[in-house]
Structure formats: structure tokens, C-alpha cells
**Q** 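This is the structure I have questions about; it appears just below.
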Amino acid sequence: MMQRGFVLLALGCGLGLLFATYLQPRAASGEDAPGELMRAPSQPTTQAKDLSRPFIAATKKVRPAVVQVLNFQRDRRGQLRPASSGSGFFFSKEGHLLTNRHVIQGAQQLAVKLLDGTTLTNIKVLGSDPRSDVAVLRVQTDKEFAVASLGDSDKVEVGEWVIAIGAPFKLASSVSAGVVSARGRTGVLASDPYDQAQFSEAFIQTDAALNPGNSGGPLINLDGQVIGINTAIETGNQIRANVGIGFAIPINLVRTIAISLIERGVAKRGWLGVQIRKRVGVELEQEFGLDLPGGLVVEFVEKESPAWKAGLRKNDVIVDINGRPMLEVKALGARLAQAGPGGRLKIDYYRNKQKTSTTAILATEPTYTFGIKVADLDDERAREAGIDPSIDAVVITDVEPDTPAATGPNRLYPGDVIVRIDTRALRVRVRNARDFERALQTNPTAIKLTLAAKGQLYEVFLARSER
């Protein structure tokens, strides 16, 4: 975080006396002020003002809906202190608010500061999704809020003017402008290269100035419509400030995730039922005789899955989905997340050098459980496990054969009590079965479980094999 301030230079007494005469008020010069200072201010030309009017109008339309989000956490003494801040914006008059998950992560209390300076603290987290970095909050009050209109990020074009509004460096309601530099950027958020499901990425790249604190704020077009949520910046590994490259989550993806978070508490994604691998042009030429810049090669198709029913098979090369080129695995993940369960995907692919098309209707992404079924911990199960029945935890009710939980040195058994689950995306204190399910919604390839038994805690690591 950049520090702002002034440096006070202390002068010695001798130097002070030496320069005292120069610091005394001087007598008036007796000159008249130049006429240029006395004239009325020059007015902007109509042409110059017309160029600015779309920016002014769009900003006025959205700015009242943008808030600063304050994240409070407890210090070593147990006192709430401001730990970080970001941005967010209302999309409903009833107080529904969109921001980034990383803006609210770890908060013991949240607050939002409105454009007029009012601070509100009665905030409920309706849900957050680590794979898209989207969070939905609701400010619980009878007050009606100004709202930002959600646009269509699929219609965004490279070179289009955009405006970012937020609270960089805690400077509330700051506005910056730029253009869309690229669409569909992937590889922005760090994740494990073999964990294809870790993030859903297809960012809008912009050169509108984004800085720490802009996260969660809206990126809008000149119609005053939100086309993305500002999320990340490229710093060039030099400074934590803008260098002209920022990234926003497309609002069409955000919309689908937000609906699922509000209605279900977790982000349900569309499921195609394929395992794929990226191939670059040289590989496609060598393996399939295709002169293409790149594509996604189908490695495996789950039987009776949407992909299977749509006719996709092993070694098909997917090149386009709903009119968008598919050159990255994460771009496909973002399309599945945006379409959601029941969504329709028009898929263009090559088979035996022939291009064809098909339509797949997505199912709900299944949750990989590592072979564990759990239930809320009750008094009877707690006594059987020899632990305090008041503890927040879940109990394993069933372990499926031939799964990671049923084999190897880390084998689990019905009756084992889980108090915590860690994945690469989440660290969850498991209070009930819903918490357990929410953690596994990230579809991790490995998890760490903390189990309780007879007053002791121990850890178990489980990893699922790749096909």
C-alpha cells in the first residue's frame, strides 16, 4: 500500500535566524494584478464538452450505487480492527450487493460506506464462490438503495471505452477511464496447473486505472451498465499499483454465480462431462493434421453425460463454444459456469479433419466427495466418538468402497468426526453438513481433514486420482 505524507525538515536555530528575514511578510509591490486574472473563466467548447458528456452521464448513473467495503478482523487482544478494504455495488434496491470474495475473506465484521459517507454494519453474507472470486452480500435495512444496471458482457468489444469506479487506496468513489484491452484472459489467478476446476477464468482486460481497493467495484460501459467486477491487476512484480493492466470478471458469469449463491448458498455450475487437454497449433498439426492455432482435445467422455448425449467422443477437438474460440481449459470452465445447469452450448469441433457442430444441454456439476457421506453431529454420535456433543462438527455416516477415503493408510470409517476441511481454495471450520458440501463444491483434487476423537485432533490427507 502506497503511503502518503509530508516530510518535515528540522532546521537548526542558527539557520532559522539566518533565513528569518526572508520569512517575514513583504510589503505590497504596488503593482496591479494582470488582467488575465480578473477576467471571467474561459468556457469549454461545445465540441470538447460533448466528448466528455457520455463519461459524465455514465458516472452519475452508477456512482451512487458504489460503496466502499470495510473488512474488520480481531487483533491479538480480541478487538475489531480494519484489516482491509475494497469496493462493491448495489444491484437491488433491497440492498443486495456484489463484490469480490477476497474483499470479505476472513472478516469478523463487515461494513459498507455509501457515497454520502453513511456507514452501515448490518450485513449478511449470502454466499461466496472461491472459483470465480464472487461474493453476494445483503445490507439488512428498510432503506432503499440506488442500484447499478447489469449489462451484457458478451457484447463487450476490444477498444470500447469503459469506466472503473471504486475506492483505491481507501479513496472512496474514485473514477478512472480506459478501454477494453482484451477479452477472455485466462491464467490471471494463481492455481495448481493440474487442477482444471480450480478457477473459472475469462477476464475482461482493461487499461482503466485499477489499484488496491478497486477490487469488487464495477467496470461500466458508456451506457452506465456494469459489464464486469474489477478483481485483479498486473503489477509487473514491481509495485502494488497500476501499470495499465487490470482484469474484471464478466458480469454474465457473475450473474449466474450470484443467482446460485442467493438461492442455494453455493455456486452450482453447468457440467459437460468431459476431460480435456489444451493443444497448441504444432501439436494439433502433428497429432490430428489440423492447421489451427489451438484447441481443446477431448481425452475422456463420461457415459450418459451431456457431452456423450451430444455426440462428443475421445479425440474430438473443440474449437468454439457459443461463438467464442476455445483455446484454454479455464475458458471452457468459465463458459460452463456462465451457462449454468440447464444451459445450452453450441459446440464446434473437429473429428477426422471434418468440422461439425452439436448442442449440449448442461447438467448440474456433480460434487466429488472422496467417498465420504456425512451428517450433522448429534448427542448420540458425539458420545460414541468420545467428544463433547456441543462441538461444531459432522460425522461420517458412510464410506464408499474403492474410493480415497476407503483405501490406504488414511482410511476413514463411519463414526469418524470431522471438525475442519482444507482445500486449496478454502479453509472451512465444519459446523454442519452444509459447510462440508460447500467446501467440496470447489471440486478439489486433494483435501486435508481435521478429525476429532477422544479429546484429540489429528489430520488426514486425501487425494483423488486423475483419469
**Q** I'd like to know whether CG of Asp32 has more than 12 heavy-atom contacts from other residues, nucleotides or ligands below 6.0 angstrom.
**A**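 Not buried by this count: 12 neighbours or fewer within 6.0 Å.
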**Q** Of the non-hydrogen atoms in Gln108 and Arg74, which two are nearest, and what is the gap between them?
**A**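 Nearest heavy atoms, Gln108 then Arg74: OE1-N, 2.8 Å.
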**Q** Does a side-chain N-to-carboxylate-O contact under 4.0 Å join Glu437 and Arg431?
**A**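 Result for this pair is no, no salt bridge flagged.
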**Q** Under a 4.0 Å threshold between the charged nitrogen and the carboxylate oxygen, would Asp116 count as salt-bridged to Lys143?
**A**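 Salt bridge absent between Lys143 and Asp116.
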**Q** Taking all non-hydrogen atoms of both residues, which atom of Arg434 and which atom of Gly265 are closest, and how far apart?
**A**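 So the two residues come closest at NH2-CA, 3.2 Å.
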**Q** Can you tell me how far apart OG (Ser132) and CZ (Arg101) are? Round to the nearest 0.5 Å.
**A**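 The distance works out to 9.5 Å.
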**Q** Just by modelled atom types, is the Glu157 backbone N or O under 3.5 Å from a matching donor or acceptor in the Glu160 side chain?
**A**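 At least one qualifying donor-acceptor pair exists.
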**Q** Write down the atom of Val419, the atom of Ala452, and the distance for their closest heavy-atom approach.
**A**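 Heavy-atom minimum between the residues: CG1-CB, 3.9 Å.
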**Q** Can you check whether Ala209's main-chain N or O pairs, donor with acceptor, with Ser176's side chain at less than 3.5 Å?
**A**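 Indeed, once roles are kept as given, a pair shorter than 3.5 Å links the two residues.
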**Q** With a 4.0 Å cut-off, would you call Asp75 and Arg81 a salt bridge?
**A**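 Judged by the 4.0 Å cut-off on N to carboxylate O distance, Asp75 and Arg81 do form a salt bridge.
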**Q** Could you measure the distance from the CG atom of Asn432 to the CG atom of Asp392? Nearest 0.5 Å is fine.
**A**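 Output value for this atom pair is 8.0 Å.
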**Q** Side chains of Ile391 and Leu377, heavy atoms from C-beta outward: is any pair under 4.5 Å?
**A**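 In contact.
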**Q** Look up atom CD1 in Ile220 and atom OG1 in Thr59, then write down how far apart they are to the nearest 0.5 Å.
**A**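 Atom-to-atom, Ile220:CD1 and Thr59:OG1 are 5.5 Å apart.
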**Q** Taking all non-hydrogen atoms of both residues, which atom of Ser87 and which atom of Thr99 are closest, and how far apart?
**A**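 Residues Ser87 and Thr99, closest heavy atoms: O-OG1, 2.6 Å.
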**Q** Just how far is it from atom OG1 of Thr186 to atom NZ of Lys278, taken to the nearest 0.5 Å?
**A**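 Separation between the atoms: 7.0 Å.
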**Q** If I compare all heavy atoms of Val417 with all of Ala393, which pair ends up nearest, and what's the gap?
**A**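 Taking Val417 first and Ala393 second, the nearest heavy atoms are CG1-CB, 3.5 Å.
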**Q** Can you tell me which residue among Ile204, Asn100, Leu98, Ile257 is in a side chain to side chain contact (heavy atoms under 4.5 Å, CB included) with Ile249?
**A**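 The residue from Ile204, Asn100, Leu98, Ile257 that satisfies side chain to side chain contact (heavy atoms under 4.5 Å, CB included) with Ile249 turns out to be Asn100.
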**Q** Which residues pass the side chain to side chain contact (heavy atoms under 4.5 Å, CB included) test with Asp50, sequence neighbours left out?
**A**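 In terms of side chain to side chain contact (heavy atoms under 4.5 Å, CB included), with neighbours along the sequence ignored, Asp50 is linked to Thr46, Arg53.
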**Q** Carefully, step by step, assess Phe145 and Leu114 under the rule side-chain contact (heavy atoms from CB on, under 4.5 Å).
**A** CA-CA 10 Å; Phe145 297 96; Leu114 309 183; 4.2 Å; yes
**Q** Verify salt bridge (charged side-chain N to carboxylate O under 4.0 Å, His left out) between Arg335 and Asp154, making sure each step is shown before the conclusion.
**A** CA-CA 11 Å; Arg335 278 283 139 186; Asp154 284 347; 3.3 Å; yes
**Q** How about Arg429: does its CZ atom have over 12 heavy atoms from other parts shown lying under 6.0 Å from it?
**A**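 Buried by this count: over 12 neighbours within 6.0 Å.
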**Q** Nearest 0.5 Å, please: how far is OG in Ser85 from CG in Leu70?
**A**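 Separation between the atoms: 6.0 Å.
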**Q** Do you know which two heavy atoms are closest between Leu253 and Ala334, and how far apart they sit?
**A**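 What the structure gives for the nearest pair is CD1-O, 4.0 Å.
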**Q** For the pair Asn71 (side chain) and Gln105 (backbone), establish whether a donor and an acceptor sit closer than 3.5 Å, ignoring hydrogens and angles.
**A**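 Yes, Asn71 side chain to Gln105 backbone: donor-acceptor pair under 3.5 Å.
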**Q** Side chain of Gln43, backbone of Pro41: donor and acceptor closer than 3.5 Å?
**A**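 Yes, Gln43 side chain to Pro41 backbone: donor-acceptor pair under 3.5 Å.
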**Q** As an exercise, state the distance from CG of Asp348 to NZ of Lys346, rounded to the nearest 0.5 Å.
**A**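 Answer for the CG-NZ pair, Asp348 versus Lys346, is 3.5 Å.
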**Q** Do other residues, nucleotides or ligands put more than 12 heavy atoms under 6.0 Å from Gln79 CD?
**A**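 Yes, CD of Gln79 has more than 12 neighbouring heavy atoms, counting only those of other groups under 6.0 Å.
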**Q** Would you find a donor on one side and an acceptor on the other, under 3.5 Å apart, between the side chain of Arg138 and the backbone of Val125?
**A**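 A pair under 3.5 Å: no.
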**Q** Val175 and side chain to side chain contact (heavy atoms under 4.5 Å, CB included): which single residue from Val62, Ile163, Val66 fits?
**A**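 One option only clears the test, and that one is Ile163.
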**Q** Look at the side chain of Glu283 and the backbone N and O of Val280, then say whether any donor-acceptor pair between them is shorter than 3.5 Å.
**A**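 Answer holds: yes.
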**Q** Can you list every side-chain hydrogen bond (donor to acceptor under 3.5 Å, both in side chains) pair that touches residues 217-229, not counting sequence neighbours?
**A**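 Listed by first then second residue: Asn221-Gln225.
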